[in-house]
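All remarks here apply to the structure that follows.
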Amino acid sequence: MRVKHKPWAREKILAHPEVCVANPEASKGNWHQLFGNENPIHIEIGTGKGQFVTGMAKANPDINYIGIEVVESVLITALDKALVAGIPNLRLLSVDGADLLEYFEPSEVARVYLNFSDPWPKKRHAKRRLTNSRFLDIYKALLPVDGEIHFKTDNRSLFEYSLVAFSEYGILLTYLSLDLHHSDYEGNIMTEYEEKFSAQGFPIYRLEATFKS
């Protein structure tokens with residue numbers, strides 16, 4: 001989806017250091033100090049307009065959340081949500097998900113959320129998919145032995161690709177749903193895309209996974 005460029009987005013992000021971390025590399029290995037507690041850290045890669053990560057942070061005050069969105073013109077919408085909610089356990093980063101090891105030490109993140117990621121449908125773009133093996137290498141480094149990946153999408157092809165990628169990598173699936181909104185799963189917080197696609201009757205696919213010890 002084409003995003004309207006907002007040239008003032010960077011200025012607004014820098015004006016709110018209490019939410020947006022402008023130099024995340026400086027917090028590498030010290031995110032607990034930034035949050036002021038020792039609570040687990042969960043990150044969402046591709047946080048978009050922030051509905052999911054904001055909702056999760058409000059619902060789980062004993063967990064620290066970091067929303068990651070490379071497009072600044074999109075991130076400012078998440079920033080607005082965070083400012084209205086006044087959530088102390090939420091931070092936002094405008095960085096590329098491929099560079100996460102520059103900002104987090106190994107095992108510093110307890111959970112990774114991938115919600116409605118760009119499917120990159122063309123075969124030549126497969127390496128850009130957030131469930132491609134090059135990204136799985138990053139998640140394995142970020143997560144402890146019992147760390148988790150939670151993945152949701154409306155795109156069946158991407159979901160099937162991801163199942164194969166996880167299996168080939170040796171990742172253990174601990175939860176799987178081919179129609180989340182008609183399952184017994186409790187506590188689901190929807191993204192903006194999820195609301196849109198589910199309202200149109202599309203099934204939502206979801207999985208939870210962990211790297212084998």
Side-chain angles (χ1 to χ4, degrees), residues 1-118 128 130 135 138-139 141-143 147-152 189-196:
M1 182 178 67
R2 188 179 300 275
V3 176
K4 182 178 180 180
H5 178 62
K6 299 172 182 176
W8 44 269
R10 184 63 178 170
E11 182 179 355
K12 182 170 183 176
I13 288 170
L14 293 175
H16 292 282
E18 74 279 15
V19 178
C20 296
V21 182
N23 299 300
E25 62 275 6
S27 293
K28 183 177 181 178
N30 296 295
W31 286 98
H32 289 298
Q33 183 176 345
L34 184 146
F35 281 105
N37 59 58
E38 295 294 324
N39 294 337
I41 295 172
H42 293 184
I43 67 174
E44 182 188 19
I45 303 174
T47 206
K49 296 180 180 179
Q51 180 168 297
F52 175 83
V53 76
T54 302
M56 291 295 288
K58 288 172 67 176
N60 302 285
D62 56 345
I63 297 173
N64 297 321
Y65 289 88
I66 299 175
I68 295 165
E69 173 56 55
V70 69
V71 182
E72 293 179 343
S73 294
V74 175
L75 188 68
I76 56 170
T77 302
L79 171 58
D80 287 338
K81 288 183 172 70
L83 292 173
V84 169
I87 311 168
N89 59 321
L90 174 62
R91 297 293 187 276
L92 300 174
L93 309 183
S94 183
V95 299
D96 192 323
D99 300 326
L100 291 180
L101 294 179
E102 297 181 15
Y103 313 119
F104 299 96
E105 290 285 357
S107 301
E108 193 170 17
V109 173
R111 183 178 297 172
V112 171
Y113 289 100
L114 307 172
N115 292 317
F116 297 84
S117 309
D118 192 327
R128 299 186 183 185
L130 293 184
F135 282 99
I138 295 172
Y139 309 150
L142 289 177
L143 294 166
E148 299 175 338
I149 300 172
H150 289 197
F151 174 56
K152 284 196 291 188
I189 291 179
M190 291 196 285
T191 75
E192 291 89 350
Y193 278 122
E194 187 173 356
E195 287 184 343
K196 174 183 176 181

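Each residue takes its place number in the sequence, starting with 1. Note that the structure is a prediction, hence the values are computed from the model and not measured.
Heavy atoms from other residues, nucleotides or ligands lying under 6.0 Å from NZ of Lys58 number 12 at most.
When side chains are defined from C-beta on, Gln51 counts as touching Glu195, because their heavy atoms get closer than 4.5 Å. Using a 4.5 Å heavy-atom cutoff, the side chains of Leu143 and Glu148 are not in contact. A 4.5 Å side-chain heavy-atom check between Glu194 and Lys152 finds at least one atom pair inside the cut-off. In this structure, Asn60 and Asn89 have side chains that are not in contact, with every pair of non-hydrogen atoms separated by 4.5 Å or more. When side chains are defined from C-beta on, Ile87 does not count as touching Lys81, because their heavy atoms never get closer than 4.5 Å. A 4.5 Å side-chain heavy-atom check between Phe35 and Arg91 finds at least one atom pair inside the cut-off. Side-chain contact between Lys28 and Tyr103 is absent, with no heavy atoms from C-beta onward closer than 4.5 Å. Residues Val109 and Ile66 form no side-chain contact, since every pair of their non-hydrogen atoms from C-beta on lies 4.5 Å or further apart.
Rounding to the nearest 0.5 angstrom, the gap separating the OH atom in Tyr193 from the CZ atom in Phe52 is 16.0 Å. Separation of atoms CD1 (Ile13) and OG (Ser73) is listed at 8.0 Å; rounding is to 0.5 Å. Expressed to the nearest 0.5 Å, how far CD of Glu192 lies from CG of Asn115 amounts to 10.0 Å. Summarising the geometry, atom CD1 belonging to Ile68 is positioned 8.5 Å from atom OG1 belonging to Thr47; distances are rounded to the nearest 0.5 Å.
The backbone N or O of Asn30 sits less than 3.5 Å from a side-chain atom of Glu108, completing a donor-acceptor pair.
Under the 30°/60° scheme for interplanar angles, the aromatic rings of Trp31 and Phe104 are found to lie parallel.
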